[in-house]
Amino acid sequence: MVEKALEEISRGTAEVIDMERIENLVSKYYDDGSTYTVKAGFDPTGADLHLGHTVLLQKLRAFQNHGGRVQLLIGDFTATIGDPTGKSETRKILDNDTIMANAKTYQEQVFNILDDSKTEVVFNSTWLNELGAAGMVALATTFNVARMLERDDFDKRFKGGQSISISEFLYPLLQGYDSVELKSDIEIGGTDQKFNLLMGRHLQRAYNVGKEQAVLMMPILEGLDGVQKMSKSLNNYIGITEEPKEIYAKTLSVSDELMWRYYELLSEKSLEEITTMKEDVEKGTLHPKIVKENLALELVTRFYNEELATLAKEEFDNVFKSNQLPSDMTEIEVEEGIWICKALVDAGIEPSTSQARRDIKQNAVSIDQEKISDDTLNLAAGEYILQVGKRKFAKVKVG
RNA sequence: GGUGAGUUACUCAAGCGGCCAACGAGGGCAGACUGUAAAUCUGCUGACUAUGUCUUCGAAGGUUCGAAUCCUUCACUCACCA
């Protein structure tokens with residue numbers, strides 16, 4: 001039992017520090033039922049969760065299945081600083097209302113995956129607001145600049161002659177201090193959080209908490225481009241609240257290589273199954289497209305249900321395999337004789353008439369499935385289906 | 001506080017007082033090929049019913065027939081010195 005639990009817990013991890021401690025906690029749970037705490041911090045800087053977040057959430061869920069009590073930390077205080085992780089420049093700070101609104105949406109979405117009876121949501125402003133100047137100074141004395149500069153992103157920026165704000169030095173300290181307050185047994189985070197996560201251990205020691213948290217790091221999920229990490233700001237993400245057909249379509253658009261990565265980090269399928277599929281694809285007995293479709297179906301099913309997943313697939317196949325039209329598209333009514341470019345802008349499928357002209361010149365625009373080439377065209381009364389590229393459609397009523 | 005260097009579009013980055021809506025690369029969009037995949041090739045990439053007009057090169061002023069380019073002030077960044 002303990003063996004299986006540990007296997008589930010270690011699946012897909014990038015690095016674990018103090019695995020022994022995790023083993024002890026889990027086996028103690030199976031011995032006498034005593035629970036332990038697992039901390040994970042979320043920065044309420046964006047409103048919606050995407051698949052990148054779910055990698056961590058699923059791991060938390062795994063802990064919950066084996067005696068872990070999750071401390072879901074909303075970094076509302078630290079969000080006012082901005083985590084320097086992976087940033088090449090100082091991040092813009094957010095105002096309080098936005099942060100609170102984001103935190104709220106987070107909580108609504110998180111319990112898609114987490115068991116809320118085993119989750120405690122905490123805000124770090126609760127204790128950080130109380131810390132005060134003296135507390136901050138005491139906290140800052142536990143660390144020094146040279147070690148802070150060891151951090152890769154600071155180091156790069158420092159050597160590259162870019163600005164680092166003093167407040168950014170405080171970020172790792174404050175995140176680590178959260179672990180002191182929460183007396184966490186384990187903290188999990190992305191590999192890019194390593195420095196911050198280790199800070200938790202350092203500070204738990206410095207403040208004599210009586211234990212040092214184990215640290216479990218998950219790989220960073222690449223975004224749809226397969227290169228950069230999935231993030232809202234890079235617009236390469238799949239949000240968990242997106243429409244089923246969006247999730248389906250976006251999943252299908254990832255490269256074959258990246259698909260295996262997604263399987264590893266996101267799918268519930270066992271590692272053996274995945275390996276078998278991979279071999280079959282290499283042997284040529286299994287088409288990679290089928291494998292990708294299954295992944296897309298699994299993801300839609302997770303956030304909605306099987307029925308909607310099937311629908312999403314049917315819709316997708318209709319539109320792109322049989323070249324039919326999507327079942328729903330934006331509809332607008334316009335006046336007779338409207339200029340085609342204007343109509344495209346009004347329908348929201350082109351950002352400007354200039355762009356519309358360019359696209360028409362490049363054979364990207366069609367009316368009722370017929371490509372057009374005249375960018376001075378005016379529409380006579382009637383109903384038309386306008387299309388730009390492969391995926392932007394609109395129904396226009398003229399007259 | 002002093003000295004010097006810098007700020008150009010989504011990002012990096014070139015830019016000689018007129019040939020600058022601004023080289024190039026990445027990204028993005030579109031076309032071909034496909035499995036709406038990747039890779040590859042090609043075109044486009046400020047706005048405007050448009051061979052022209054308008055707004056853009058950190059901000060505000062100025063010099064000039066004409067300024068991204070020269071001058072002044074301000075803001076921000078970096079380096080060295082204190």
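Chain A is the first sequence line, chain B the second, and so forth, proteins listed ahead of strands; every chain is numbered from 1. Nothing here was measured: the structure is a model prediction, and the numbers come from that model.
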Fill in the blank from the handout: Answer for the Watson-Crick or wobble partner of B:C70, both distances under 3.5 Å, is B:G62

Exercise for the section: Can you tell me the pairing partner of B:C19 across any strand shown, Watson-Crick or G-U wobble, with both distances under 3.5 angstrom? Expected result: none

Problem - Integer angstrom distance from the P of B:U56 to that of B:G2 - result: 34 Å

Problem - Residue-phosphate contact under 4.0 Å: A:S253 side-chain N/O, B:A37 OP1/OP2 - result: no

Practice task
For atom CD of A:E243, decide whether the heavy atoms of other residues, nucleotides or ligands shown that lie under 6.0 angstrom number more than 12.
Solution key: no

Practice task
Please determine, for the side chain of A:Q355, which listed nucleotide (B:C29, B:G35, B:U36) has the closest atom?
Solution key: B:C29

Exercise for the section: In plain terms, say whether A:E8 and A:K4 are close enough for a salt bridge, that is, a side-chain N and a carboxylate O under 4.0 Å apart. Expected result: no

Exercise for the section: Could you measure between the two P atoms, the one in B:C23 and the one in B:G15, and give it in whole Å? Expected result: 13 Å

Handout entry: Nearest-nucleotide pick for A:W339, side chain only, options being B:U49, B:C44, B:U36
Key = B:U49

Exercise for the section: Write down the partner of B:G46 under the Watson-Crick or G-U wobble criteria, each distance required to be under 3.5 Å. Expected result: B:C54

Exercise for the section: Could you work out the separation of B:C57 and B:G52 based on their P atoms and round it to a whole Å? Expected result: 23 Å

Practice task
Just call it for A:K342: base, sugar-phosphate, or nothing, with non-hydrogen atoms closer than 4.0 Å on any strand.
Solution key: nothing

Practice task
Could you work out the separation of B:A82 and B:U77 based on their P atoms and round it to a whole Å?
Solution key: 22 Å

Handout entry: Euclidean distance, atom CH2 of residue A:W260 to atom P of B:A38 [Å, nearest integer]
Key = 17 Å

Problem - From B:A47, B:C29, B:U36, nucleotide with atom closest to A:K392 side chain - result: B:C29

Exercise for the section: Would you kindly give the OH-to-P distance between A:Y248 and B:A37, to the nearest whole Å? Expected result: 14 Å

Handout entry: Check ion pair A:E293-A:K313 (N to O, under 4.0 angstrom)
Key = yes

Problem - A:Q193 and A:N196 side chains, donor-acceptor separation under 3.5 Å - result: yes

Handout entry: salt_bridge(A:E298, A:R302) N-O dist < 4.0 Å
Key = yes

Problem - B:A67 and B:A21, which share atom name P, separated by this distance in whole Å - result: 12 Å

Practice task
Could you run through nucleotides 75-82 of chain B and give me one letter per nucleotide, 5' to 3': B if any protein heavy atom sits under 4.0 Å from the base, S if only the sugar-phosphate is that close, - if neither?
Solution key: --SS----

Completion exercise
From CD of A:Q228 across to C1' of B:C12 the rounded distance in Å is 13 Å

Fill in the blank from the handout: Winner on side-chain proximity to A:K289, out of B:C33, B:A50, B:G35, is B:G35

Exercise for the section: Check every strand shown and say whether A:S352 touches a base, only sugar-phosphate, or nothing at a heavy-atom separation below 4.0 Å. Expected result: sugar-phosphate

Problem - B:A13 and B:U7, which share atom name P, separated by this distance in whole Å - result: 9 Å

Exercise for the section: Give A:N236 one of three labels, base, sugar-phosphate or nothing, depending on what nucleic acid heavy atoms sit under 4.0 Å from its own. Expected result: nothing

Handout entry: Same-atom distance (C1') from B:G18 to B:U34, integer angstrom
Key = 49 Å

Practice task
Indicate the ring-plane relationship of A:Y237 and A:H50, choosing parallel, tilted or perpendicular according to the 30° and 60° boundaries.
Solution key: tilted

Problem - Spacing of A:K361 atom NZ relative to B:U49 atom P, expressed in whole Å - result: 14 Å

Practice task
Starting from P on B:G28, measure out to CG on A:D359 and report it in whole angstrom.
Solution key: 16 Å

Handout entry: Any donor-acceptor N/O pair, A:K59 side chain to A:R11 backbone, under 3.5 Å
Key = yes

Handout entry: Residue A:R357, side-chain atoms from C-beta onward, closest of B:U49, B:G43, B:G35
Key = B:U49

Distance-only donor-acceptor pairs under 3.5 Å for side chains of residues 207-220 of chain A, two or more places apart:
unit_1: A:K211; atom_1: NZ; unit_2: A:K183; atom_2: O; d: 3.0
unit_1: A:K211; atom_1: NZ; unit_2: A:D185; atom_2: OD1; d: 2.9
unit_1: A:E212; atom_1: OE2; unit_2: A:R205; atom_2: NE; d: 3.0
unit_1: A:Q213; atom_1: OE1; unit_2: A:S179; atom_2: OG; d: 2.8
unit_1: A:Q213; atom_1: NE2; unit_2: A:E187; atom_2: OE1; d: 3.0
unit_1: A:Q213; atom_1: NE2; unit_2: A:L197; atom_2: O; d: 3.1

Fill in the blank from the handout: For B:C41, the nucleotide meeting Watson-Crick or G-U wobble distances (both under 3.5 Å) is B:G31

Practice task
Let me know the distance between CZ of A:R261 and C1' of B:A38, rounded to the nearest Å.
Solution key: 17 Å

Exercise for the section: Taking atom NZ of A:K392 as the centre, report whether more than 12 heavy atoms of other residues, nucleotides or ligands fall under 6.0 Å from it. Expected result: yes

Practice task
Select base, sugar-phosphate, or nothing to describe what A:S354 touches, counting heavy atoms under 4.0 Å on all strands.
Solution key: base

Practice task
Can you check whether any acceptor in the base of B:G43 is under 3.5 Å from a donor in the side chain of A:Q362, or vice versa?
Solution key: yes

Handout entry: Whole angstrom value for the distance that separates C1' of B:G35 from NZ of A:K313
Key = 12 Å

Practice task
Spell out, yes or no, whether A:M19 and A:M1 are grouped together once hydrophobic residues are joined by side-chain heavy atoms under 4.5 Å, including indirect joins.
Solution key: yes

Show me the donor-acceptor pairs within less than 3.5 Å that the side chains of residues 284-291 of chain A make with the rest of the protein, sequence neighbours left out.
unit_1: A:T285; atom_1: OG1; unit_2: A:D280; atom_2: O; d: 3.1
unit_1: A:H287; atom_1: ND1; unit_2: A:K289; atom_2: N; d: 2.9

Exercise for the section: Report the base-pairing partner of B:A79 (Watson-Crick or G-U wobble, both distances below 3.5 angstrom), or none. Expected result: B:U3

Problem - Any residue meeting side chain to side chain contact (heavy atoms under 4.5 Å, CB included) with A:E333, in chain and number order, not counting sequence neighbours - result: A:K397

Fill in the blank from the handout: Sequence neighbours excluded, the answer for side chain to side chain contact (heavy atoms under 4.5 Å, CB included) partners of A:V145 is A:L149, A:F169

Exercise for the section: Please tell me which of A:V388 and A:P351 maps to the more 5' nucleotide of RNA chain B, matching each residue to the nucleotide holding its nearest heavy atom. Expected result: A:V388

Problem - Residues within residues 363-373 of chain A bordering RNA chain B, heavy-atom distance below 4.0 Å - result: A:N363, A:A364, A:K371

Exercise for the section: In whole angstrom, give me the gap between the P atoms of B:C54 and B:C16. Expected result: 26 Å

Practice task
Take A:P288 and A:D225, find for each the nucleotide of RNA chain B with the closest heavy atom, and name the residue whose nucleotide sits nearer the 5' end.
Solution key: A:D225

Handout entry: Nearest to side-chain heavy atoms of A:R358, which nucleotide of B:U36, B:C44, B:A37
Key = B:C44

Exercise for the section: Report the distance from atom CG of A:L344 to atom P of B:C29, rounded to the nearest whole Å. Expected result: 18 Å

Fill in the blank from the handout: pair_partner(B:A13), Watson-Crick or wobble, both distances < 3.5 Å, evaluates to none

Completion exercise
Taking B:U36, B:G35, B:U49 as options, the one with an atom nearest any side-chain atom of A:H287 is B:G35

Problem - Among B:C48, B:G31, B:G35, the nucleotide that comes nearest once only the side chain of A:D256 is considered - result: B:G35

